[in-house]
Amino acid sequence: VAIEGPLLPISFDKQLTNIDCYKDSSGSIAFTIEGGWGAYRIEWFDGWSSQLQRDNLNEGMYVTTLQDALGCSLKDTSYLDVQTCCNVSLPNAFSPNDDGLNDIFRPIAPRPVREQHFMIYNRWGQRVFESEVFEMGWDGKILGNDADMGTYFYLYSYTCNSTKQKIMLKGDVTLVR
């Protein structure tokens, strides 16, 4: 009696989704397995499973073993990375009135950036605020006193962590009390 094997050796395709710049745990790995003997299973980081896709993954390396019903197996290593995150924005208004909402004017970014330089000027071109610390923003005070309501102008330069690109933003912000 002759026992025939599978028509094709076990093989796979995979699709990786890297972590979105604005969301942690947004990566995924999905396998499509062909050949070998049916009833496939995968050894993920937390044990064996028949699940061919994993979602809500963080940045990092994932080693998996794909196995068919007779124990033929393939190993695979996947690396999920964070997408380039260089999108920094600044609001166009803020209200430093100590209500806990929009009290500080600062850059908004999904991840900290490098080599930041943040300057704010009044309408006469006088610098009223300067910082090189990512988390620090302007509280609407000049020399400890409340600044007048009105329009102020900013220059914000930084270096993107992932691409090393130097970026300069400039614009205006309205201080409302």
Side-chain angles (χ1 to χ4, degrees), residues 13-31 44-47 49 51-64 76-177:
D13 286 319
K14 81 178 161 184
Q15 181 175 353
L16 302 177
T17 303
N18 283 321
I19 289 74
D20 183 53
C21 146
Y22 296 99
K23 301 176 190 171
D24 289 334
S25 303
S26 62
S28 68
I29 302 172
F31 288 97
W44 294 95
F45 51 88
D46 59 353
S49 171
Q51 191 177 31
L52 298 180
Q53 179 169 332
R54 282 293 172 95
D55 298 313
N56 304 316
L57 299 175
N58 289 313
E59 176 182 16
M61 184 172 62
Y62 294 87
V63 178
T64 51
D76 179 66
T77 301
S78 303
Y79 188 80
L80 295 181
D81 201 0
V82 176
Q83 294 178 359
T84 302
C85 297
C86 290
N87 301 331
V88 174
S89 62
L90 287 106
N92 60 5
F94 79 117
S95 58
N97 56 9
D98 295 323
D99 66 354
L101 301 171
N102 302 314
D103 288 330
I104 305 290
F105 176 62
R106 73 174 117 230
I108 300 168
R111 305 213 185 299
V113 297
R114 297 179 336 146
E115 300 171 10
Q116 165 184 286
H117 195 172
F118 187 30
M119 296 176 289
I120 300 173
Y121 298 87
N122 64 17
R123 62 182 163 209
W124 296 285
Q126 298 167 315
R127 187 171 45 229
V128 298
F129 176 81
E130 183 172 14
S131 174
E132 293 184 357
V133 178
F134 180 74
E135 295 81 11
M136 182 178 267
W138 185 39
D139 62 1
K141 296 191 183 296
I142 301 173
L143 299 174
N145 298 312
D146 288 347
D148 291 334
M149 287 188 0
T151 301
Y152 291 81
F153 304 91
Y154 64 82
L155 291 174
Y156 180 67
S157 63
Y158 64 97
T159 300
C160 175
N161 283 333
S162 55
T163 66
K164 309 300 186 256
Q165 177 184 11
K166 293 186 181 287
I167 300 169
M168 168 72 88
L169 301 175
K170 55 185 174 178
D172 59 78
V173 61
T174 303
L175 187 155
V176 181
R177 293 209 185 269

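All values derive from a computational prediction rather than experimental measurement. If you read the sequence from its start, that first residue is 1, and numbering goes on from there.
- Between Lys141 and Asp146 the shortest side-chain heavy-atom distance falls below 4.5 Å.
- Atom CD1 of Ile142 sits about 8.0 Å away from atom CD of Gln126, to the nearest 0.5 Å.
- Rounded to the nearest 0.5 angstrom, Glu59 CD and Ser26 OG are separated by 10.5 Å.
- Tyr154 has its ring centre no less than 6.0 Å from the ring centre of Trp138.
- Remark: aromatic rings of Phe129 and Phe118 are close, center separation under 6.0 Å.
- Between the side chain of Asn102 and the backbone N or O of Ser95 there is no donor-acceptor pair closer than 3.5 Å.
- Interatomic distance, Ser78 OG to Met61 CE, rounded to the nearest 0.5 Å: 10.0 Å.
- Nearest heavy-atom pair, Arg106 versus Glu135, reported as atom, atom and distance to 0.1 Å: NH1-O, 2.8 Å.
- For Met136, the CE atom is loosely surrounded, since the number of other residues' heavy atoms within 6.0 Å does not exceed 12.
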Q) Hey, mind stepping through Gln53 and Ile29 against side chain to side chain contact (heavy atoms under 4.5 Å, CB included) and telling me if it holds? A) CA-CA 6 Å; Gln53 179 169 332; Ile29 302 172; over 6 Å; no
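- Rounding to the nearest 0.5 angstrom, the gap separating the CG atom in Asp172 from the CG atom in Asn92 is 8.0 Å.
- For Phe105 against Pro91, the heavy-atom pair with the smallest separation is CE1-O, 3.3 Å.
- Between Asn122 and Phe153, the shortest heavy-atom distance links the atoms O-CD1, 4.0 Å.
- Enclosure of atom CZ in Arg123 is not indicated, since only 12 or fewer non-hydrogen atoms of other residues, nucleotides or ligands lie within 6.0 angstrom.
- One finds the OH atom of Tyr121 at 6.5 Å from the CD atom of Glu130 (value rounded to the nearest 0.5 Å).
- Nearest heavy-atom pair, Val88 versus Ala109, reported as atom, atom and distance to 0.1 Å: CG2-CB, 3.8 Å.
- Using a distance-only test at 3.5 Å, with no hydrogens or angles considered, no donor-acceptor pair links the side chain of Asp139 to the main chain of Ile104.
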Q) Does the pair Leu169 and Tyr158 meet the rule for a side chain to side chain contact (heavy atoms under 4.5 Å, CB included), with working shown? A) CA-CA 9 Å; Leu169 301 175; Tyr158 64 97; 4.2 Å; yes
Q | Derivation and outcome, side chain to side chain contact (heavy atoms under 4.5 Å, CB included), residues Leu57 and Phe45 | A | CA-CA 11 Å; Leu57 299 175; Phe45 51 88; 3.8 Å; yes
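- Ser131 and Val133 get closest at one heavy-atom pair: OG-N, 3.0 Å.
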Q: Take His117 and Glu132 through the test side chain to side chain contact (heavy atoms under 4.5 Å, CB included) and record every step on the way to the result.
A: CA-CA 5 Å; His117 195 172; Glu132 293 184 357; 4.1 Å; yes
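- Pairing each heavy atom of Gly27 with each of Ile19, the nearest pair is N-CG1, 4.0 Å.
- Here the straight-line distance linking atom OH of Tyr156 with atom CD1 of Ile120 works out to 11.5 Å at 0.5 Å rounding.
- Between the side chain of Arg177 and the backbone N or O of Pro96, at least one donor-acceptor pair lies under 3.5 Å.
- Side chain of Asp103 to main chain of Asp98: a donor-acceptor pair is present (N/O by atom type, distance under 3.5 Å, no hydrogens or angles).
- Here Gln15 pairs with nothing under the side chain to side chain contact (heavy atoms under 4.5 Å, CB included) rule; sequence neighbours left out.
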